[in-house]
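The structure under discussion appears below in the form of structure tokens.
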2 protein chains.
Amino acid sequence: MSSGTGIDKAPERISEAEHAVMEVLWHRAPQTAVEVCENLCDARDWSIPTVKTLLARLVSKGALATQPDGRRFLYTPLLERSDYVGTESRRLVDRLFGGRAAPLFAHLAQSEALSAQDIAEIERLLAELKK
Amino acid sequence: MSSGTGIDKAPERISEAEHAVMEVLWHRAPQTAVEVCENLCDARDWSIPTVKTLLARLVSKGALATQPDGRRFLYTPLLERSDYVGTESRRLVDRLFGGRAAPLFAHLAQSEALSAQDIAEIERLLAELKK
DNA sequence: ACATTCAGACTACAAATGTAAACATAACGT
DNA sequence: ACGTTATGTTTACATTTGTAGTCTGAATGT
């Protein structure tokens, strides 16, 4: 699953600011730099140059593809959100919980990070798993 | 709970390398710089100076306390592991899953990051929660 | 054709991080 | 008393990250 090419160049790490840009593009793609900025600059208090830098870095990291559209570029994610999210989750679980998910879950439970909705959802998922 | 003083100076972020040092001290404390190194330098391929730098940074960030022991120092965590782990977990859940734990759980489930043991444990915790 | 404009590319620069060497100083053996 | 050693402190330096300004060239309006 995921990563069809088999090439798998050591996926360069994506920073938090870069991740914010990815989120916008995962939400809708392709978008121009200006559009991305419209969706971010207010929230993060960034200026367009900042967004452009981040886009460029993401392209150079292989996380985004560009596609010329007249004078500007359209940016599209190459890295899939589920891959990113999976990697980051695994990373955290490995680092903080010795790779085991249960202690993470316990922590979230204790810190009231679990809503009733979450709990219901998780029960449903557990039921799925046991089938 | 946790953080008894009420002072709560914006806890400076602990980097990954620093975290590795904290882990060692959470495992056993207090320890000297050399002892910490004995527990880390091999695994991380670090030299003693590196460990000392990290220890110093952690002290300056308020995550470790020092206690003189003859000519050297003994280092003890001030930051509790559960606090750190809680903060980091919440951080991830917020950033990647809009603060909801269920999607994280779903991801771990999908990526086979859940062992049978994990699942059993989580079921137990869920039962707890519902009491 | 020419000036304006708007996009991406290049450059900048401070803070944080990873990694470690150099320095200073206090204790200890002889 | 003195050199050696063990420790912490200071300094160093490359890389990554956050944040943004400047440059250059192509499209566009007139």
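Reminder, nothing fancy here: chain letters follow the sequence lines and each chain counts from 1. No experiment lies behind these values; they were computed from the predicted model shown. Every heavy atom of this structure was used, including side-chain atoms; hydrogens, water molecules and symmetry mates were not.
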Original post:
Base, sugar-phosphate, or nothing for Ala56(B), non-hydrogen atoms under 4.0 angstrom?
Top reply: nothing
Subject >> Between dG8(D) (P) and Leu55(B) (CG): distance, integer Å >> reply: 8 Å
Subject >> For DNA chain C, the residues among residues 35-43 of chain A that have a non-hydrogen atom under 4.0 Å from it >> reply: none
Subject >> Value in whole Å for how far the P atom of dG8(C) lies from CG of Leu64(A) >> reply: 13 Å
**OP:** State which residues pass side-chain hydrogen bond (donor to acceptor under 3.5 Å, both in side chains) with Asp69(A); sequence neighbours excluded, sorted by chain then number.
**Re:** Arg72(A)
**OP:** Describe, as an angle rounded to 10 degrees, how the axis at the first end of the helix from dA1(C)-dT30(D) to dT30(C)-dA1(D) is tilted relative to the axis at the last end, five pairs per end.
**Re:** 10°
Subject >> Listed once per pair and sorted, the salt bridge (Lys or Arg N to Asp or Glu O under 4.0 Å) pairs that draw on residues 15-33 of chain A, sequence neighbours left out >> reply: Glu16(A)-Arg91(B), Glu18(A)-Lys61(A), Glu23(A)-Arg81(A)
Which pairs of donor and acceptor atoms, one on a side chain in residues 52-60 of chain A, lie under 3.5 Å apart (sequence neighbours left out)?
from: Thr53(A); atom 1: OG1; to: Pro49(A); atom 2: O; distance (Å): 3.1
from: Ser60(A); atom 1: OG; to: Arg57(A); atom 2: O; distance (Å): 3.2

**OP:** Quickly work out the Lys52(B) NZ to dA6(D) P distance and round it to whole Å.
**Re:** 11 Å
Are any protein N/O atoms closer than 3.5 Å to N/O atoms in nucleotides 27-30 of chain D? If there are, list each pair with its distance.
none

Where do N or O atoms of nucleotides 19-24 of chain D meet protein N or O atoms at under 3.5 Å, pair by pair?
from: dT19(D); atom 1: OP2; to: Trp46(A); atom 2: NE1; distance (Å): 2.8
from: dT19(D); atom 1: O4; to: Arg57(A); atom 2: NH2; distance (Å): 3.1
from: dA20(D); atom 1: OP2; to: Ser47(A); atom 2: N; distance (Å): 3.3
from: dA20(D); atom 1: OP2; to: Thr50(A); atom 2: OG1; distance (Å): 2.8
from: dA20(D); atom 1: N7; to: Thr53(A); atom 2: OG1; distance (Å): 3.2
from: dA20(D); atom 1: N6; to: Thr53(A); atom 2: OG1; distance (Å): 2.5

Original post:
To the nearest Å, how far apart are Tyr75(A) OH and dG8(C) C1'?
Top reply: 6 Å
Subject >> Partner set under ring-ring contact (aromatic ring centres under 6.0 Å, His included) for Phe73(A), not counting sequence neighbours >> reply: none
Original post:
Once you round it to whole Å, what is the distance between C1' of dA16(C) and NE2 of His19(B)?
Top reply: 18 Å
Original post:
For Glu38(B), which residues count as a side-chain hydrogen bond (donor to acceptor under 3.5 Å, both in side chains) partner, sequence neighbours excluded?
Top reply: none
Original post:
Ion pair present between Arg100(B) and Glu121(A), side-chain N to carboxylate O less than 4.0 angstrom?
Top reply: no
Original post:
Taking CD1 from Ile48(B) and P from dG8(D), how many angstroms apart are they, rounded to a whole number?
Top reply: 10 Å
**OP:** For Gln117(B), check side-chain hydrogen bond (donor to acceptor under 3.5 Å, both in side chains) against everything at least two apart and list the hits.
**Re:** none
Original post:
Given atom CD1 of Ile14(B) and atom P of dG18(C), what is their separation to the nearest angstrom?
Top reply: 12 Å
**OP:** Establish, with yes or no, whether the OP1 or OP2 oxygen of dT17(C) is under 4.0 angstrom from a side-chain nitrogen or oxygen of Lys61(B).
**Re:** yes
Original post:
Got a sec, which residues hit salt bridge (charged side-chain N to carboxylate O under 4.0 Å, His left out) with Glu35(B), two or more places apart in sequence or on another chain?
Top reply: none
Original post:
If you check every side-chain atom of Ala33(B), which of dG8(D), dA7(C), dT17(C) has the closest atom?
Top reply: dG8(D)
Subject >> With Arg71(B) via side-chain hydrogen bond (donor to acceptor under 3.5 Å, both in side chains) - residues at least two apart >> reply: none
